[in-house]
Structure formats: C-alpha cells, structure tokens
Amino acid sequence: MRALFANHGVPYPPPALLLRAFKREGQLELWAEPARGAPYVLIKAWPICARSGGPGPKRHEGDEQVPEGFYRISALNPASGYHLSLRVDYPNRSDRILGARPLGGDIFIHGKCGTIGCLPLGDQAIEELYVIAADARAHSAQIEVHLLPSRLDDASFERLREEARPGPALLAFWEQLRQGDRLFQQRKRPPRVRVQPDGRYRFE
C-alpha cells in the first residue's frame with residue numbers, strides 16, 4: 001500500500017480519504033488527499049462484484065437498496081462474516097427525514113461476493129482497502145463516502161434517466177447528487193455537505 005500511494009505522489013497514510021461508488025457501473029474508487037487543502041488524487045478503483053436493488057436511494061428496511069447520498073465510514077470490522085468490512089453511516093440526516101421507519105442499517109463495504117444492500121468487493125480487494133482505511137483512521141483521517149446511482153456526467157446521467165425513468169421526486173434527488181458531484185469534479189475536493197430541514201442536501 002505504501003508503494004501504491006508513493007506511485008501517485010501521496011503520503012501514506014494520507015490526511016483524508018474519499019470513496020466514490022457508482023452503482024450502475026459497479027465500481028468503487030479510492031481518492032486520497034496528498035496534503036491538507038490539496039486536490040484529491042485517484043489512487044485505485046475496484047469492481048463491485050455483486051449488487052442488489054436498483055437505481056434510487058434506500059428509504060426503508062428490507063427494500064434491498066444500496067443507499068445513495070453522502071456518508072462517512074463510521075467503523076471497521078475485522079471479524080466480519082464477510083471477511084472484512086467498513087461500516088457506512090447510513091442512515092444519515094437526509095435519510096432519517098425522507099425515509100420510512102424502520103430505516104434499517106448495517107450498510108457495509110465488505111469482502112466476499114454476495115450482498116443485500118451493501119457493496120461487496122471480494123476478499124483481496126477488501127483486504128487492500130481495509131488496510132488503507134485502518135492506517136488512515138489510526139492517524140485521525142476522515143473517510144468520506146459518496147454513493148451515487150451512476151457516473152453523473154451529462155451522457156451517463158442521460159443513460160440513467162432513459163433506463164430508470166425516474167419520477168419527479170427521484171429526479172430532483174438525483175439532481176442534488178449531481179450538484180455535489182459537479183463540485184467535486186471542478187475542484188477534486190469533496191464539498192462540505194449540509195442537510196436542510198426538508199432533507200435536501202446543501203453544499204458549501
């Protein structure tokens with residue numbers, strides 16, 4: 001892992017990490033901050049090897065959906081039944097406002113290749129990611145997680161709309177995610193995310 005980061009000119013462990021998952025494409029990207037305030041650098045990407053649910057956010061327990069939105073890694077589990085796992089802090093404040101109780105929980109990025117609502121990477125990939133995450137957290141690094149329905153450039157978003165045919169509420173939600181994604185693409189830094197009283201995301 002040290003060599004991987006050195007090849008990208010990023011110290012190990014880095015000051016901060018960002019995971020960006022794209023449900024439609026089935027891919028998880030690892031980005032790292034090389035220095036405080038600097039643009040993030042893409043370090044590596046892994047395929048998501050199984051999936052459940054479809055386009056759209058997780059709104060209640062048992063819907064088998066992978067969440068969509070802006071999260072953080074809240075815990076690491078070295079004794080996971082899925083080899084190793086990183087807990088995503090679903091439900092966030094937006095989910096609690098917009099979802100229907102019970103909301104469910106226990107959303108992880110994990111090993112093996114089966115899932116209901118999580119993001120499995122297989123055992124080798126989760127070993128790599130787990131070591132990086134554990135070393136980063138040991139040095140007080142934040143690990144943000146962006147869970148997106150697809151890549152959100154114009155062409156990819158149009159394909160998503162054609163395939164999913166979202167209703168007005170889902171389309172408006174995805175437009176919020178696009179706004180956050182655009183800010184990241186422009187600056188290569190995660191925007192500061194706030195949740196408004198109606199559950200909508202606001203970016204600074």
Please answer whether the main-chain N or O of [Y] pairs with a side-chain N or O of [X] as donor and acceptor at a distance below 3.5 Å.
{"X": "T115", "Y": "R51", "value": "no"}
{"X": "Q176", "Y": "G180", "value": "no"}
{"X": "S94", "Y": "G199", "value": "yes"}
{"X": "R93", "Y": "R194", "value": "no"}
{"X": "D123", "Y": "K112", "value": "yes"}
{"X": "R96", "Y": "P91", "value": "yes"}
{"X": "R189", "Y": "A38", "value": "yes"}

Nearest heavy-atom pair of [X] and [Y]: which atoms, and what distance?
{"X": "L86", "Y": "A133", "result": "CD2-CB, 3.7 Å"}
{"X": "A50", "Y": "P120", "result": "O-CD, 3.3 Å"}
{"X": "Y201", "Y": "V193", "result": "CD2-CG1, 3.4 Å"}
{"X": "C49", "Y": "G122", "result": "SG-N, 3.6 Å"}
{"X": "I48", "Y": "L119", "result": "CD1-CD2, 3.6 Å"}
{"X": "D89", "Y": "S74", "result": "CB-CB, 4.0 Å"}

Indicate, with yes or no, if the rings of F70 and F184 have centres closer together than 6.0 Å. no
Distance in Å, [X] [atom1] paired with [Y] [atom2], rounded so as to fall on 0.5 Å steps:
{"X": "S85", "Y": "L121", "atom1": "OG", "atom2": "CG", "answer": "11.0 Å"}
{"X": "M1", "Y": "L129", "atom1": "CE", "atom2": "CG", "answer": "9.5 Å"}
{"X": "E128", "Y": "L4", "atom1": "CD", "atom2": "CG", "answer": "7.5 Å"}
{"X": "L84", "Y": "I109", "atom1": "CG", "atom2": "CD1", "answer": "12.5 Å"}
{"X": "K188", "Y": "L183", "atom1": "NZ", "atom2": "CG", "answer": "11.5 Å"}
{"X": "I97", "Y": "N92", "atom1": "CD1", "atom2": "CG", "answer": "9.0 Å"}

Tell me whether [X] shares a hydrophobic cluster with [Y], the cluster being built from Ile, Leu, Val, Met, Phe, Trp, Tyr side chains joined at under 4.5 Å.
{"X": "I143", "Y": "I126", "answer": "yes"}
{"X": "V10", "Y": "L18", "answer": "no"}
{"X": "L171", "Y": "L177", "answer": "yes"}
{"X": "L19", "Y": "W31", "answer": "no"}
{"X": "L170", "Y": "L160", "answer": "yes"}

Evaluate W174 against L152 for side-chain contact (heavy atoms from CB on, under 4.5 Å), listing each step before the verdict. CA-CA 9 Å; W174 282 347; L152 294 175; 5.8 Å; no
Using atom types as modelled, flag every donor-acceptor pair under 3.5 Å from a side chain in residues 144-151 to any protein atom, sequence neighbours excluded.
residue	atom	partner	partner atom	Å
R151	NH1	E29	OE2	3.2
R151	NH2	Q27	OE1	2.5
R151	NH2	E29	OE2	2.8

Assess R59 against F173: is NZ or CZ under 6.0 Å from the centre of the six-membered ring, and within 45 degrees of the ring's axis? yes
So Y12 and I132, do their side chains get closer than 4.5 Å, heavy atoms only? yes
What pairs with R159 under salt bridge (charged side-chain N to carboxylate O under 4.0 Å, His left out), at least two apart in sequence or on another chain? none
Let's go through F157 and E175 carefully: what are the C-alpha distance in whole Å and the side-chain angles of both, what is the deciding distance for side-chain contact (heavy atoms from CB on, under 4.5 Å) to 0.1 Å, and is it a yes or a no? CA-CA 10 Å; F157 188 62; E175 289 291 355; 3.6 Å; yes
Please check if atom [atom1] in [X] has more than 12 non-hydrogen atoms from other residues, nucleotides or ligands closer than 6.0 Å.
{"X": "R182", "atom1": "CZ", "result": "yes"}
{"X": "H8", "atom1": "NE2", "result": "yes"}
{"X": "Q185", "atom1": "CD", "result": "yes"}

Where at least one partner belongs to residues 79-104, residue pairs that pass ring-ring contact (aromatic ring centres under 6.0 Å, His included), sequence neighbours excluded: Y82-H110
Test log, rule side-chain contact (heavy atoms from CB on, under 4.5 Å), inputs I43 and L17: CA-CA 10 Å; I43 301 296; L17 293 171; 6.0 Å; no
Before giving the answer on side-chain contact (heavy atoms from CB on, under 4.5 Å), spell out for K58 and D95 the whole-Å C-alpha distance, their side-chain angles and the decisive distance to 0.1 Å. CA-CA 8 Å; K58 182 175 183 61; D95 299 319; over 6 Å; no
